[in-house]
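Working notes, structure below.
Throughout, numbering of the chain's residues begins at 1 and tracks the sequence.
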Amino acid sequence: MAVPRLSPSGENWDYYLGDFATAFSMECARGGGVISADDFHAYEPRWYEPVRGTYRGMEVVASAPPDDGGAQLIDALALLEARDVAAMGPATESAETLELLADVHNQVYYAPARAGRNAASGMVDRPGSGPVPSPGTIHVTVVDEQRNVASLTHSHMASPWVNGLFAEGTQLSAGGSFFQRGMPALGERATVYLAPNMVLAHGRPVLASGSPSVSLVACVLQSLVHVIDFGLPIEEVVAMPRFGARPHEPEHGWLPGVTLEHGFPAAVDAEFRRRWTARGGWLADLGPWHSLTGNFDGVTIDPGSGVLRACADPRRNGAAEAF
C-alpha cells in the first residue's frame, strides 16, 4: 500500500520514484495511458504569482494560470463592479440580482480558456468533445493564530473507482474534465478552473474561500458578492439557495445553462425562471442544498477584532473547526 510506505513527512522519494512510479506507469499503460516512470523523475513543481483584481475597494487574489478559475472569478467581479448590486438587493430578494449573477458567471465560465492572466491576454481553442468522467474536488481554508491564511483546492476531476486502475493500493484518477478547457502541450500543465481565493482590505486578508463542484466558480462568486456587497455573515450566505453551472454532458462537453436550487422565495423563483426561459436559457431544477452547486468553504476575518467566522456547508458534508 502506498500510504504506509510514505514517511510522515512525505519525503520517501526512493519509494515514490522507484516502486510506486514503476507500478503506476505499468498500470497506466494497461489502461491505455502514456505516463512513464521517467515522467515521475522529470516532474518539477512550479511557483506562480496569483492573479489579482479589485472589487469594492478590496484586493482579490486568486489562483494563477494555468488555472483558469482564478481569472474567471476576477473577470466576473470586474464586470459586476460597474453595477450597483447593493441597491438591487440580495439574490434571495431580487430576481434581477439573481439573473445578473447568472449572466456574469456564464459569460466568464463558458468563455474559451484563457492563455494568460486575464481575458485580454489571449484565448486558446477548446479541444473536441468526448466522453469524460464526472468531477471530484475538495477545498480547505485555514487561518492560524497569527492570521496566516491558506486556501487550497485539490481536484482530480474524475469520479473515484470508475476506471478500475490501481497501483500500490492507490486508484489512478483521470482528470478528463480538465482537458475540455484546452489540451496542454507536451510537458506543460493542464488548464483547469479551480478558484481558491483571498480578499484583502488594506493589504490584510478579511476573507478566504473556495469550493469544489462543477459549480465552484458560481458558488464562490455568489458567496463573495453576498458577503462584500450586502455584509451578510458567512453562515447566512452558506444557507442561502444558489444557482449552479450546467453539468457537462459526455457527448457535448460544457454547454451554457444554469441549475437552480429550491428555496428561493416563490416570487423571485418565478420571475427568474420567466426571465431566463424567455431568452431561451437552459435551466434545470435541483433540490435544496444540492451538491452540484458547490460547497462554500470559507473563513471571514473581522479586520477590527480579528474574530474568525466559518460555517459548515451541508451540501457536501463540509466542516468548520476551531482549535
Side-chain angles (χ1 to χ4, degrees), residues 50-65 67-123 193 195-203 205-211 215-232 234 236-237 240-246 256-258 260 264 268 271-272 274-276 278-281 283 293-294 296 298 300 303:
V51 292
R52 297 175 182 269
T54 60
Y55 187 66
R56 311 301 185 205
M58 301 186 195
E59 184 179 19
V60 182
V61 181
S63 49
D67 181 3
D68 193 38
Q72 290 178 23
L73 183 61
I74 297 293
D75 285 352
L77 292 171
L79 291 170
L80 290 171
E81 186 83 69
R83 302 292 296 270
D84 189 359
V85 179
M88 297 163 58
T92 50
E93 299 176 9
S94 167
E96 183 182 9
T97 300
L98 182 56
E99 182 183 32
L100 174 64
L101 291 174
D103 271 337
V104 166
H105 168 264
N106 284 9
Q107 185 173 337
V108 301
Y109 186 75
Y110 295 107
R114 295 154 183 76
R117 295 190 178 278
N118 52 52
S121 64
M123 302 290 187
Y193 59 101
N197 67 90
M198 299 179 192
V199 178
L200 286 66
H202 307 293
V206 294
L207 170 61
S209 71
S211 172
S215 303
L216 67 91
V217 175
C219 171
V220 172
L221 176 64
Q222 292 169 87
S223 300
L224 292 189
V225 166
H226 283 107
V227 170
I228 296 171
D229 283 291
F230 300 103
L232 298 178
I234 192 169
E236 185 174 338
V237 170
M240 295 172 69
R242 58 177 83 123
F243 72 85
R246 179 178 180 175
V258 297
L260 195 65
F264 287 94
V268 173
E271 177 61 14
F272 174 77
R274 185 193 68 77
R275 290 172 177 232
W276 196 260
R279 46 199 271 195
L283 187 151
T293 64
F296 187 61
T300 60

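- The two residues Arg246 and Tyr110 have their closest heavy-atom pair at N-OH, 3.1 Å.
- When all heavy atoms are compared, the tightest approach of Glu99 to Phe272 is CA-CE1, 3.7 Å.
- Looking at Thr97, its side chain does come within 3.5 Å of a backbone N or O of Gly89 through a donor-acceptor pair.
- The line from CE of Met58 to CG of Leu207 is 8.5 Å long, rounded to the nearest 0.5 Å.
- With rounding to the nearest 0.5 Å, the separation of CZ in Arg52 from CG in Asn197 is 12.5 Å.
- Residue Val60 comes nearest to Ile74 through the heavy atom pair O-CD1, 3.5 Å, listed as atom of the first residue, atom of the second, then distance.
- A distance-only check finds no donor-acceptor pair linking the side chain of Glu59 to the backbone of Gly53 [under 3.5 Å].
- Ser211 contributes no side-chain N or O that, together with a main-chain N or O of Val220, makes up a donor-acceptor pair within less than 3.5 Å.
- In this structure a side-chain-to-backbone donor-acceptor pair under 3.5 Å is missing from Glu81 to Leu77.
- Smallest separation of non-hydrogen atoms from Val206 and Ala201: CG1-CB, 3.8 Å.
- Side-chain atoms of Arg56 never come within 3.5 Å of backbone atoms of Ile228 as a donor-acceptor pair (strictly under, hydrogens ignored).
- Nearest heavy atom pair, residue Ala245 against residue Ser215, reads N-OG, 2.7 Å.
- Considering all non-hydrogen atoms of both residues, Ile234 and Gly298 come closest at CD1-O, 3.2 Å.
- Cation-pi geometry between Arg274 and Trp276 is not satisfied (NZ or CZ under 6.0 Å from the ring centre, within 45° of the ring normal).
- The backbone N or O of Met88 lies less than 3.5 Å from no partner atom in the side chain of Glu96, so there is not a single donor-acceptor pair.
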